[in-house]
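What follows is a set of notes on a single structure, which appears directly below.
All ligand and atom numbering here is 1-based and tracks the order in the structure.
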Amino acid sequence: MPIAAEGVNYVYMAGSPYETKALDDVNLTIEDGEFVALIGHTGSGKSTLVQHLNGLLAPTSGRVLVDGQDLADKGTDRRAVRFHVGLVFQYPENQLFEETVEKDIAFGPKNLGLPQEEIGRRVREAMQKVALSYEELAQRSVFELSGGQMRRVAIAGVLAMEPKVLVLDEPCAGLDPRGREEILGLIRRLHEESGTTIVMVSHSMDDVANLAERVIVMEHGRIAMDGTPREIFSKGEALRAMGLDVPQAVELAEALRARGIPVPEGAYLPDEVAQAVLSAVGGGQQNAG
Ligand SMILES: Nc1ncnc2c1ncn2[C@@H]1O[C@H](COP(=O)(O)OP(=O)(O)O)[C@@H](O)[C@H]1O
Ligand SMILES: [Mg+2]
C-alpha cells in the first residue's frame with residue numbers, strides 16, 4: 001500500500017486575512033514496510049502533511065495516491081483508504097470517550113459492521129500489541145488509567161482497524177520517560193514483527209536515530225531533506241540552521257573530533273562513537289553490551 005504525494009499544496013483559510021500556506025509543493029513516496037520519521041520545526045507542516053496521508057485533509061492542489069488511487073477521484077473508496085492508513089493524532093487520548101477501554105477500542109471495528117466475534121478478537125489482539133492486559137483493563141474506565149496507558153488505548157483503537165500503514169503524530173509528546181519507552185517499543189515491534197509501514201512525526205532526534213530508516217525534514221511547508229538517518233544527521237549545521245537538534249551521539253562525535261579523536265563522519269549511533277573511541281585509545285574491536 002504505497003502512498004505518494006504529488007505536488008501537494010495546502011492552504012488554511014484561503015482568501016481570509018489569516019491565509020496560511022502550510023504545504024508547498026510536497027512530493028514524496030512512502031513504500032511498503034518503510035519506517036519514516038518526519039521532523040521539522042513547529043509550524044513546518046508536519047501535522048498538515050500526515051493528515052493528507054489518509055485523506056483527512058485534501059490538497060488545495062496536487063494529489064495524494066494510496067495504492068495508486070487518487071484520494072480525490074470519485075471512484076476511490078475513501079472510507080476503505082482511511083482504514084488501511086491508520087492515523088494516531090497528537091494527544092489521541094483526548095478523543096477517548098467510551099465508558100470502558102474495551103468499548104473504546106471496539107468503536108472503529110464496530111463502525112465497520114464487523115461481526116461481534118471478530119470485534120472481540122480485534123480488541124484482544126490490539127490490546128496485546130500495545131501491552132495492555134485484557135483481563136485487567138478491558139472493563140475499566142479509560143479515565144482510571146495512567147497517561148501512558150490512555151495513550152496506548154488510543155493507539156489500540158487505531159490498530160483494531162488493522163491498518164497496513166500507521167501514521168503517528170508525535171506519539172510520545174507529554175509522556176514521562178517510561179511512557180515514551182513503552183510507546184516506542186510497541187511501534188518498533190509493529191514494524192519489525194508485523195511489517196507495518198510506519199510514518200512517525202517526532203521532535204526527539206535520539207528516537208529518530210534509534211528507530212527510523214528514512215528521515216524527511218520539513219521546513220516552511222516544503223521537504224528540505226529526505227534521506228537515511230546517516231545522510232541527514234551528517235548535516236548537523238543545516239539542521240541547526242533550521243532550529244533542529246542532532247542526536248546526542250552526533251554531538252559527542254563532534255566534541256571528540258574537536259579533541260583530536262578521529263570519529264568517522266556520519267557516525268550517529270552511540271555504538272559507532274564508542275567503537276571509534278576504543279580504536280583511538282587502542283582498545284581494538286569490542287562489542288558493547
Ligand atoms: N487549523 C488550522 N488553521 C489555520 N492554520 C493552521 C491550522 N493548522 C495549522 N495551521 C498553520 O499551518 C502551518 C503548519 O502547521 P502544522 O502542520 O501544524 O505544523 P507542525 O505540525 O509541523 O507544527 C503553521 O503555520 C500553522 O500555524
Ligand atoms: Mg504538529
Side-chain angles (χ1 to χ4, degrees), residues 3-28 30 34-64 66 71-72 82 85-96 147 150-151 154-155 158 163 165-175 179-180 183-184 187 197-209 211-212 214-227 229 232-233 235 238-247:
I3 305 179
E6 296 179 355
V8 169
N9 294 289
Y10 189 80
V11 181
Y12 284 106
M13 298 186 286
S16 88
Y18 303 103
E19 180 170 304
T20 307
K21 187 159 200 183
L23 294 180
D24 185 359
D25 191 28
V26 169
N27 294 281
L28 64 86
I30 294 162
E34 282 194 294
F35 194 130
V36 182
L38 195 57
I39 65 175
H41 201 269
T42 302
S44 59
K46 304 179 299 296
S47 293
T48 305
L49 176 58
V50 296
Q51 290 175 71
H52 278 76
L53 301 181
N54 79 337
L56 202 63
L57 290 179
T60 304
S61 64
R63 39 185 217 157
V64 178
V66 176
L71 294 188
R82 240 171 247 178
V85 184
L87 174 60
V88 177
F89 288 98
Q90 227 177 323
Y91 300 105
E93 61 277 12
N94 291 345
Q95 297 178 18
L96 299 173
M150 283 170 80
R151 177 102 21 121
I155 295 174
V158 174
V165 181
L166 186 63
V167 183
L168 306 112
D169 196 350
E170 302 198 27
C172 296
L175 296 181
R180 300 173 58 86
I183 299 287
L184 293 172
I187 295 170
T197 308
I198 306 283
V199 180
M200 180 176 85
V201 177
S202 177
H203 267 116
S204 163
M205 298 304 143
D206 289 302
D207 294 349
V208 170
L211 288 166
R214 175 180 171 193
V215 182
I216 295 176
V217 187
M218 305 266 316
E219 188 185 31
H220 304 311
R222 294 178 147 267
I223 293 181
M225 300 183 202
D226 183 346
I232 301 300
F233 291 133
K235 297 183 179 126
L239 291 172
R240 289 188 180 105
M242 287 186 245
L244 299 174
D245 295 328
V246 294

Which pairs of nitrogen or oxygen atoms, taken one from ligand 1 and one from the protein, are under 3.5 angstrom apart?
unit_1   : atom_1 : unit_2 : atom_2 : d
ligand 1 : 17 (O) : Thr48  : N      : 2.9
ligand 1 : 17 (O) : Thr48  : OG1    : 2.5
ligand 1 : 19 (O) : Gly45  : N      : 3.1
ligand 1 : 21 (O) : Ser47  : N      : 2.9
ligand 1 : 21 (O) : Ser47  : OG     : 2.9
ligand 1 : 22 (O) : Ser44  : N      : 3.2
ligand 1 : 22 (O) : Ser44  : OG     : 3.4
ligand 1 : 22 (O) : Gly45  : N      : 3.1
ligand 1 : 22 (O) : Lys46  : N      : 2.9
ligand 1 : 22 (O) : Lys46  : NZ     : 2.7
ligand 1 : 23 (O) : Gly43  : N      : 2.7

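- With hydrogens and angles disregarded, no donor-acceptor distance shorter than 3.5 Å links the side chain of Lys21 to the backbone of Gly221.
- Side-chain atoms of Arg82 come within 3.5 Å of backbone N or O of Gly55 as a donor-acceptor pair.
- The closest side-chain donor-acceptor pair between Thr60 and Asn9, if any, does not fall under 3.5 angstrom.
- A donor-acceptor distance shorter than 3.5 angstrom exists from the side chain of Asn27 to the backbone of Gly7, with no hydrogens or angles considered.
- Between Tyr91 and Phe89, the ring centre distance reaches or exceeds 6.0 Å.
- In terms of modelled atom types and a separation under 3.5 Å, the side chain of Arg240 and the main chain of Val246 share no donor-acceptor contact.
- Put simply, the side chain of Val217 does not reach to within 4.5 Å of the side chain of Lys235, judged on heavy atoms.
- With respect to Leu49, the side-chain contact (heavy atoms from CB on, under 4.5 Å) criterion is satisfied by exactly one of Val8, Leu38, Val201, Ile216: Leu38.
- The backbone N or O of Pro171 lies less than 3.5 Å from a partner atom in the side chain of Arg151, making a donor-acceptor pair.
- Here the protein contributes Ser47 OG as N, O or S atoms under 2.8 Å from the Mg ion (ligand 2).
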